[in-house]
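Okay, structure first, notes after.
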Amino acid sequence: MRVDNRLVDGTPMRSLACERCAARVLVRKSSRQQTSVQWDGRALALCAERDPADGSFEGCGSLRDTIREAALRGTIELADGDGPATAAR
């Protein structure tokens with residue numbers, strides 16, 4: 001068995017609601033450049049930018065903006081320890 005050590009820094013995923021449609025996802029910012037987002041069925045159904053008829057989904061610009069603002073405010077911490085002022089340039 002291989003040990004999964006991707007979260008050895010201890011920074012958990014945080015629940016965050018999109019400011020546009022209130023779709024709630026789990027978010028973790030490992031660094032300014034890297035963000036992990038975990039969607040569930042309810043969040044996908046609520047997303048205002050997702051077209052249910054289209055089989056592909058590249059992400060949501062409104063959620064991306066919400067995450068950026070949350071990182072700048074310090075609501076979502078950066079696992080690499082970089083401060084909130086530089087969180088999402």
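As the structure is a prediction and not an experimental result, all values here were calculated from the model. Residue numbers run from 1 in the order of the sequence given.
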Query raised in the report: Looking at residues at least two apart in the chain, or sitting in another chain, which of them share a side-chain hydrogen bond (donor to acceptor under 3.5 Å, both in side chains) with Thr35?
Result: Lys29
Query raised in the report: Looking only at heavy atoms, which two atoms of Cys47 and Cys21 are closest? And how far apart?
Result: CA-SG, 3.7 Å
**Report entry** Closest contact, heavy atoms only, Ala23 versus Leu46
**Finding:** CB-CB, 3.9 Å
**Report entry** Test side-chain hydrogen bond (donor to acceptor under 3.5 Å, both in side chains) applied to Glu19 - qualifying residues, sequence neighbours left out
**Finding:** none
Query - Side chain to side chain, Val27 and Met13, heavy atoms closer than 4.5 Å - result: no
Report summary line: For Ser36, the side-chain hydrogen bond (donor to acceptor under 3.5 Å, both in side chains) test, sequence neighbours excluded, returns Gln34
Requested in this report: Only pairs at least two apart or in different chains count here, so list each salt bridge (Lys or Arg N to Asp or Glu O under 4.0 Å) that has a residue in residues 44-67.
Outcome: Arg20-Glu49, Asp65-Arg68
Query - Evaluation steps, side chain to side chain contact (heavy atoms under 4.5 Å, CB included), between Ile67 and Ile76 - result: CA-CA 8 Å; Ile67 294 169; Ile76 301 292; 5.6 Å; no
Report summary line: CG (Asp40) and CG (Leu26) are apart, to the nearest 0.5 Å, by 7.5 Å
Query - CG-SG distance between Leu44 and Cys60, expressed to the nearest 0.5 angstrom - result: 10.5 Å
Report task. Any chance you could measure Asp80, atom CG, to Ser30, atom OG, to the nearest 0.5 Å? Result -> 8.0 Å
Report summary line: residues 13-62 vs ring pair (Phe, Tyr, Trp, His ring centres under 6.0 Å), sequence neighbours excluded, gives Trp39-Phe57
Query - Sequence-distant partners of Arg14, salt bridge (charged side-chain N to carboxylate O under 4.0 Å, His left out), two or more places apart - result: Glu77
Query raised in the report: Looking at Ala43 and Val25, what are the two nearest heavy atoms and their distance?
Result: CB-CG1, 3.9 Å
